[in-house]
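Data block below; observations after.
From a predicted model like this one, the values you see are computed outputs, not experimental measurements. Order of the sequence lines fixes the chain letters, A, B, ..., with proteins taken first and strands second; residue numbering starts at 1 for each chain.
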Amino acid sequence: MERVNFQAIEKKWQKKFESSKLYNKKGEKFYCLEMFPYPSGKIHMGHVRNYTIGDVIARFKYMKGFNVLHPMGWDSFGLPAENAARLNNLNPKKWTEQNIDIMKKQLQMLGLSIDWDLEVSTCDVEYYKHQQEMFIDFYNSGLVSRKETYVNWDPIEKTVLANEQVINGRGWRSNAVVERKKLSQWFLNITKYSTELLDDLEKLPGWPQKVKLMQKNWIGESIGCELEFKIKDENKNIKIFTTRPDTIFGASFIAVSVDHEICKKFLNDKNFIKFKQKCSKIGTTEEALANAEKIGLNTNIFVEHPFIKNKTLPIYVANFVLMDYGNGAIFGCPAHDQRDFDFAKKYNLPIIRVVSDDKNSTKNGELKEAYTGNGKMINSDFLNGLDIVKAKNTIIEKIVSQKIGKKQTLFRLKDWGVSRQRYWGCPIPMIYLEDGSIVPVDKSELPIMLPEDVDLKSSGNPLNNHPSWKNTVHKKTGKPAIRETDTLDTFVDSSWYFIRFCSPKSKTPYNINDTNYWMPVDQYIGGIEHAILHLLYSRFFMKAMKQCDKNIISSEPFKNLFTQGMVCHETYKDLDGNWLYPDEVEKINEKKAINKLKKTDVKVGPSESMSKSKKNTIDPETMIKQYGADSVRWFILSDSPPEKDIQWSDTGVYAASKFLQKIWNLTNIIISKKKLNGDISKEKIFKNKIDLYCFKIDKTIENFHLNVAVAQFYEAYRFLNEAINNDIGNKILVEGFTKILKLMIPFTPHLANECLVKLECKDVNIWPKIETKVLENLKINFAVQVNGKTRDIIEMNKDMNESEVVKITKKSSKVSKYILDKKISKIIFIKNKIINYII
RNA sequence: GCCCUCGUGGUGAAAUUGGUAGACACAAAGGACUUAAAAUCCUUGCCCUUUUGGGAGUGCCAGUUCGAGUCUGGCCGAGGGCACCA
């Protein structure tokens with residue numbers, strides 16, 4: 001038995017794949033894209049999974065005749081380069097380029113069908129100069145603004161983070177507790193598109209529900225109204241926002257944020273200062289927020305109730321009211337809002353019920369918690385008897401007609417702060433003039449290039465520290481000016497790379513014809529961790545670009561989205577509590593493991609997603625060298641559905657390589673077989689069965705059930721292997737096997753191609769014709785039930801009618817022993833599926 | 001606290017969407033071949049029965065149905081998202 005030489009075969013085919021072109025000029029376009037990697041040094045198993053799934057889809061579509069765009073690039077700006085550079089005294093650019101070289105070679109070792117002629121790298125000036133131009137376009141279209149705001153300051157990375165980059169009060173990368181700091185920042189006005197970003201989710205049936213829901217919650221639309229209360233004895237009003245104007249007659253207090261305008265007069269008040277301190281002490285940790293007590297401070301200022309004469313409400317300063325949402329003020333209706341309820345209980349404020357549930361329609365019973373359900377209005381003057389929806393409409397009309405408020409929709413979504421005080425990013429093309437104005441640089445002066453002679457060891461912003469870089473001249477006036485020394489958030493870089501891929505050599509950011517031809521991406525594949533950040537920003541960019549250029553057709557970048565699961569591995573800890581790499585550990589059995597060197601016991605921990613910090617990583621290159629790229633690909637596609645997490649298992653890859661060896665053996669056996677003629681009726685059955693496998697595999701790939709496709713290949717192999725010894729002529733055998741091997745090309749491109757060459761296949765890259773008619777002449781395994789219990793399974797021809805089926809099934813001894821001598825009261829017959837005798 | 005998703009053998013999982021539960025694979029045990037090992041192949045997998053066979057069974061409890069892993073209601077458990085958003 002000849003051992004398959006994976007290394008030799010793969011090397012040979014990778015030369016041919018080096019810059020794969022999957023173009024069928026006459027075919028329908030198909031843009032297949034996987035999220036591009038950050039060049040951190042080496043690829044990891046997550047990349048292997050992501051890009052293998054993408055490669056299956058790209059090759060599959062190509063073989064089916066589509067004109068496929070399958071590019072790859074590098075998300076190459078970002079902090080790690082800067083840190084690594086600082087540690088090893090290297091230039092970030094060099095460090096990044098070295099990593100790209102290594103990772104590109106590794107990706108090529110996987111046999112991916114990537115058109116490397118399209119490669120882009122975001123840290124390349126040829127890329128970011130276009131981004132600068134787009135930034136200026138956005139600026140001129142009113143999509144960029146500068147605001148002084150409290151920002152999330154990451155004290156470790158010494159930079160600003162977007163809200164989306166703060167997870168449980170900590171930096172998404174550094175895990176440092178985020179601080180609040182006031183800074184002047186550049187913002188992309190993503191909130192201008194809140195409504196579109198929300199509504200257009202409905203235009204994306206090809207996205208996972210889960211991701212759409214996460215984005216919906218993130219945008220957080222709430223529909224309500226703004227309402228003004230007159231402050232008693234003063235000629236001033238206070239504006240609040242509410243989604244429950246219908247409960248206005250249940251209002252018993254007004255609550256404002258500590259940063260509210262009305263608090264200014266208390267800035268020197270001892271009680272207020274004390275209160276404010278108390279509020280700020282409640283930290284940003286998850287725990288603190290969950291248990292945060294509602295506290296307030298009575299201002300002794302009152303407002304007039306707009307609809308109840310002579311009724312006044314007290315104004316409280318409350319810790320649970322946020323300044324940056326709505327107007328930083330609310331009215332409290334304790335009976336119908338849990339927070340207001342808690343607050344009212346604590347400060348002995350009245351709890352007036354204005355919505356009754358149906359059970360105790362008009363009773364004014366004591367409430368144990370706020371009632372937030374539906375019901376009819378009570379205690380509400382002209383609203384009484386209306387349901388909530390009608391009451392809302394009525395009261396809003398009244399508010400509008402009295403000119404004390406208006407309909408209003410608020411969003412949780414905030415504008416996207418893009419300024420970063422870092423070196424290794426795209427310079428923001430703005431300059432500060434002597435007169436204090438801030439203007440974009442003239443487009444003719446682009447690109448604003450990063451300086452290479454930069455000191456990264458001192459603290460603070462490296463571009464600002466540079467002796468001369470920031471000094472420039474305003475082109476129009478010839479006067480000296482200072483460059484913006486902040487760089488753009490790297491999420492900006494990745495918000496349009498998919499458009500650049502359509503025309504990567506274009507002198508302008510994009511070529512309109514190419515963009516309109518290829519966009520949107522037909523299949524986007526990546527991790528669920530980008531459900532909000534990257535995917536929301538990219539959607540915004542597409543819309544913003546369209547606003548700047550009416551010729552752009554697409555308003556959504558990604559037609560179909562697939563989020564693949566993570567690659568997991570068991571974790572190991574030494575007795576001292578130190579993490580161990582899998583290859584430092586020898587497994588004795590399921591639960592027991594020892595340290596290979598020290599022979600001491602090792603604690604086996606749960607399987608978790610591979611990460612360097614837990615050392616539960618497996619190096620893809622090592623695996624490829626040991627088992628071959630096809631085996632690694634085959635394993636990572638088998639067993640688990642692509643959207644779920646997968647457990648890495650050494651025995652699993654080994655099993656994969658054994659199976660591929662069997663495919664190789666089968667190829668050799670079939671070649672050596674001399675038998676020319678076989679039994680015609682057996683051959684007919686054989687052909688049908690092969691066509692059925694093709695049909696099923698084709699369908700499972702289309703539906704992304706790649707693990708099921710793999711299972712079907714195993715079955716198909718078993719069937720073929722048995723067929724060798726049956727009376728099947730060699731021509732038919734080769735024909736059948738060829739079809740199956742072609743279907744395998746997307747999964748194991750090297751081996752499948754090699755075997756097809758050996759079988760002298762001429763049309764390797766053409767997908768076998770999928771015969772839907774095989775389903776028509778299928779034999780049916782008919783289930784025969786008695787009282788709903790399956791008693792026998794009988795093979796029958798398709799489309800038999802009831803009386804025929806009854807005739808056949810009654811003959812079965814397994815069935816007849818249950819129905820003999822019994823009266824059949826009913827027969828349930830489902831064509832081609834089941835017959836059920838009821839006795 | 002609110003919202004979402006998911007619970008199927010020792011393990012990863014299939015199941016034509018209401019019609020044969022456990023395909024396919026990993027691990028385990030037993031066996032075949034071999035002087036032996038590796039490789040390869042076969043068998044088994046809960047309960048009762050020597051076998052033929054029969055029974056239970058998809059987190060738990062109920063319901064709809066001739067028939068439920070799939071539908072409905074309630075409970076339990078796991079994972080994820082949001083964080084006082086008025």
A:Tyr717 and A:Phe713 aromatic centres sub-6.0 Å: no

Paired nucleotide for B:rG30 [Watson-Crick or G-U wobble; both distances under 3.5 Å]: B:rC42

Any-strand Watson-Crick or G-U partner of B:rU5, both distances under 3.5 Å: B:rA78

A:Asp639 CG to B:rU11 C1', straight-line distance once rounded to whole Å: 10 Å

Under 4.0 angstrom between A:Ser222 side-chain N/O and B:rA86 OP1 or OP2: yes

Under 3.5 Å donor-acceptor pair, A:Gln785 side-chain atoms to B:rG19 base atoms: yes

For B:rA62, the Watson-Crick or wobble counterpart (both distances under 3.5 Å): B:rU72

Within the sub-3.5 Å range, which N or O atoms of nucleotides 55-59 of chain B have a protein N or O partner, and how far apart are they?
residue	atom	partner	partner atom	Å
B:rG55	OP1	A:Arg791	NH2	3.2
B:rG55	OP2	A:Arg791	NH1	3.1
B:rA56	OP1	A:Lys789	NZ	3.4
B:rA56	OP2	A:Lys789	NZ	3.1

Among B:rA15, B:rG19, B:rA25, the one nearest A:Val708 by side-chain distance: B:rA15

Look for any protein N or O under 3.5 Å of an N or O in nucleotides 41-47 of chain B and output each such pair with its distance, or none.
residue	atom	partner	partner atom	Å
B:rC41	OP1	A:Lys662	NZ	3.2

Touch class at under 4.0 angstrom, heavy-atom based, for A:Ser638 against every strand present: nothing

Please list, pair by pair, any protein nitrogen or oxygen found under 3.5 Å from a nitrogen or oxygen in nucleotides 8-10 of chain B.
none

